[in-house]
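Below is one structure. I have some questions about it.
Per chain, numbering begins at 1; letters A, B, ... match sequence-line order.
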Amino acid sequence: MGIILDKISYKYDIEDKELSSFGIFDISLQVESGKAIGIIGHTGSGKSTLMQHLNALLLPQKGQIKIDDYIINNKSKNLKDIRKKVGMVFQYPEDQLFEETVFKDIAFGPKNIGLKEQEIEAAVKRAMADLELDYEEYKDRSPYELSGGQKRKVAIATVIAMDPDVLVLDEPTAGLDPKSKKDLLALLFKIKETRKLTVFFVSHNMDDIYLFSEYIYVMSQGKIVMEGSGLEVFSKTTELRELGLGVPFSVEVLEDLKKQGLYRGEIKAIDLKELAEVIFNLLGDKND
Amino acid sequence: MIKISNLNHRYMKSNGKGVITLEDINLNIEKGSFVSIIGHNGSGKSTFAKHLNGLIVPQSGKIEVDGIQIKNDDNIWKIRNMVGMVFQNPDNQFIGGTIEEDIAFGLENIGVPGNEMEDRIQDAALKVGMEEYLKRPPHKLSGGQKQRSAIGAVLAMQPEYIVLDEPTSMLDPKGRQEVIEVLRKRNKEDKITIILITHYMDEVVYSDKVVVMDKGRIVISGQPKEVFKQKEMLLKIGLELPKAALLQDHLKKIGVELGDCLLTKEELVRKIWELY
C-alpha cells in the first residue's frame with residue numbers, strides 16, 4: 001500500500017505568457033504508507049500544485065495517481081472518498097474557521113460525510129485530544145476568541161477529525177512564535193505516529209525538514225530535481241543554493257569551518273548536539 | 001525620539017470581561033536606531049505597534065513622537081506622516097494597480113505636487129530595489145518584492161520612523177533576507193528609525209536594542225547580547241535563542257566554553273578559529 005504518482009502533469013491555463021510556464025510536469029514518485037516526506041522548493045516551484053493533486057483538488061491533466069486502491073486521473077468523478085482519505089492543512093488554516101463554536105467547526109467535516117451523532121462526538125473528542133485541546137474547556141468557545149496558536153490547533157483538528165490516512169502539511173507553523181512552532185511540529189509528528197499517517201511536509205525551514213522527514217523531494221520549475229534522505233539531499237549544497245534554497249544551520253557552519261581550514265570532514269546535515277560534538281572533537285584534536 | 005511613558009491598554013471581551021493587553025510600558029526609541037520587538041503570539045506586540053502612529057490612541061499613559069503627543073486631535077495626521085507602518089500580509093496593503101500607482105496614492109493623499117511626485121517615486125523604488133518593477137501589478141511580484149514595495153510606499157512619504165509588524169512571517173527565506181537587508185540599509189544610510197516586530201530570532205541580532213514583551217509588559221530590554229544572555233527567561237516565555245547561541249549552549253554542556261553570548265554564524269566561526 002502507498003502512494004504512486006505516475007507521470008502526472010498539470011499546466012495552468014493562463015493567457016499571460018510569463019505565468020503560463022507554471023505547473024508540474026511529468027512527475028513520478030512512490031511513497032510507502034506511514035512515511036514522512038519532506039517537500040522543498042522555492043516559491044513557485046510547483047510544491048503547492050503537486051500537493052493539491054494528492055486529494056484531487058486539482059486533477060492531473062496527464063498521468064494518474066494511485067493512493068492505496070483509489071485512482072485519480074483526469075476523469076475522476078467521485079472525489080468524496082479521496083478527500084476523506086487525504087487531509088490538507090494549508091498555510092494559515094485558521095482563516096478557514098467559520099463556525100460559532102470550536103465543537104461545531106471540528107464536527108463540520110465528520111457531519112458532512114454522514115457520521116452519526118455519537119460518531120461525530122467521538123471523532124471531535126479524539127481529534128481535540130490529539131491536538132492537546134481540552135474538550136470541556138474549548139468545545140463551546142468561539143474559535144475567534146482563541147489565541148493564534150490555539151486557533152491553528154483547532155483548524156488542524158478539523159482536518160484530523162476526518163480520520164485521514166494521508167496528511168499534507170503546507171507550512172503548518174507559519175506565523176507562530178518559536179515555542180508554539182516547536183511544540184506544534186512535535187505534536188503533528190506524534191499524531192503521525194499514533195494514527196499511522198503518511199505525511200507530506202512542505203516547509204522553507206530546512207532545519208525542520210531535516211529533522212522530521214524520512215525522505216525529501218526537491219522541486220524546481222514544476223519538476224522533481226533531487227531526492228533522497230536528509231543526509232543525501234543536504235550534502236548537495238551548491239545545487240541547493242543554485243535552486244534558491246537554503247541549507248540547515250549545521251551545513252552552513254561546517255562549510256564555513258572548512259573554508260577556514262578548521263574542518264576536513266564531510267559537509268552534512270546534523271542536529272545541533274551532533275554539531276557541538278564535531279566542534280568539540282575539532283578543538284580536542286588540536287590540543288592532543 | 002519616541003517616548004512612551006506608563007502606557008496601558010485593555011479591551012473588553014464579548015463576555016464583558018476586561019483583558020489587559022498592555023501594562024505600564026515605558027520605553028524610549030532613539031532616533032536613527034534599529035529596535036526589534038519580540039514576544040510570543042498574544043504578548044501585546046501588535047497592540048503596542050499600533051499605538052506608535054496613533055492607530056490606537058493611548059487609553060492611559062503618554063506617547064510623544066519628537067515631542068508631539070499622540071492624542072485624538074489634528075496632530076494625529078502629522079504623526080502618521082512621521083511614523084510609517086508596514087503589516088504582515090503584503091496582499092492586504094496594496095491599493096494601486098501597479099507599484100507606481102500604489103506609491104503615488106500615499107503621496108497624493110498628503111498633497112505632494114505632481115512634479116515632485118515622479119522623483120519621490122523613483123527615489124523610493126530605488127531605495128528598496130524595485131525600480132525595474134514600477135509598472136508591474138502587485139500580483140506579479142514575489143512575496144519579498146511585494147513587501148519591499150510596501151516599504152517603498154512608506155519611504156516615499158519620507159517618515160522619520162517605520163514600524164513593521166512581522167513583515168517577513170509570510171515570506172520564504174529569500175524574501176525574508178531581501179526585506180531585512182533593505183531595512184538595515186535604510187537604517188544605516190538614511191538614518192531612518194526602524195521598529196521591527198518579529199518572531200525570527202536571527203533577524204534581531206543586528207538591532208541596537210531588543211525589547212522582549214510578555215503578557216503586555218516589557219520584560220527585558222537591551223542590546224542583543226545582553227538580552228540573549230537571559231536564556232532561561234526567554235525560553236520560559238516561549239522564545240528561543242538565535243541558532244549560534246543555541247549551539248554555544250550545546251558546546252558549553254560538553255565543556256567547550258566560547259565566552260560571551262554569540263549571535264551569528266560569523267561570530268561563532270571566528271571564535272572557533274581563535275580557539276583552534
Open item on the list: So for B:Leu235, is it side chain, backbone, both, or neither that comes closer than 4.5 Å to the heavy atoms of chain A?
Closed with: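 Backbone only.
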Task: Under 4.5 Å from any heavy atom of chain B - which part of A:Lys181 - done: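 Contact with chain B involves the side chain of A:Lys181 alone.
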TODO: Quick one: which of B:Met170, B:Glu166, B:Glu266, B:Gln88 has the most heavy-atom pairs under 4.5 Å with chain A, could you say?
DONE: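 Going by pairs under 4.5 Å, I would pick B:Met170.
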Task: Heavy-atom pairs under 4.5 Å with chain A, option from B:Gly42, B:Pro173, B:Gly255 with the top count - done: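 Ranked by contacts with chain A, first place is B:Pro173.
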Task: Any donor-acceptor N/O pair, B:Glu181 side chain to B:Glu178 backbone, under 3.5 Å - done: no
- [ ] Taking the six-membered ring of B:Tyr200 (Phe, Tyr or Trp), confirm whether the NZ or CZ of B:Arg176 is under 6.0 Å from its centre and within 45° of its axis.
- [x]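 Positive - B:Arg176 is close enough to the ring of B:Tyr200 and near enough to its axis.
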Open item on the list: Between A:Asp177 and B:Asn41 (side chain of the first, backbone of the second, donor and acceptor by atom type, cut-off under 3.5 Å), is there such a pair?
Closed with: yes
- [ ] State whether a side-chain donor-acceptor pair under 3.5 Å links A:Asp183 with A:Ser180.
- [x] no
Task: Exam field: side chain A:Gln150 to backbone A:Leu146, donor-acceptor pair closer than 3.5 Å - done: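 Checking the backbone N and O of A:Leu146 against the side chain of A:Gln150, no donor-acceptor pair under 3.5 Å is found.
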TODO: Measure A:Glu145 against the heavy atoms of chain B and call it side chain, backbone, both or neither at under 4.5 Å.
DONE: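 Contact with chain B is through the side chain of A:Glu145 alone.
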Task: Interchain contact, A:Thr43 with chain B, by part (heavy-atom threshold 4.5 Å) - done: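 When you check distances to chain B, atoms from both the backbone and side chain of A:Thr43 fall under 4.5 Å.
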- [ ] Under 4.5 Å heavy-atom distance to chain B, tell me which part of A:Asp207 shows up: side chain, backbone, both or neither.
- [x] side chain
Task: Donor-acceptor contact below 3.5 Å, side chain B:Ser149 vs main chain B:Gly152 - done: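 Answer holds: no.
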Open item on the list: If we define contacts as heavy-atom pairs under 4.5 Å, which of A:Lys182, A:Glu252, A:Glu277 has the most with chain B?
Closed with: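 Top count of heavy-atom pairs under 4.5 Å with chain B: A:Glu252.
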Open item on the list: Using a 4.5 angstrom heavy-atom cutoff, name the option from B:Ile272, B:Val256, B:Leu239 with the most pairs to chain A.
Closed with: B:Ile272
Open item on the list: I'd like to know if the side chain of B:Tyr133 pairs up with that of B:Thr98 as donor and acceptor (distance under 3.5 Å, no hydrogens or angles considered).
Closed with: no
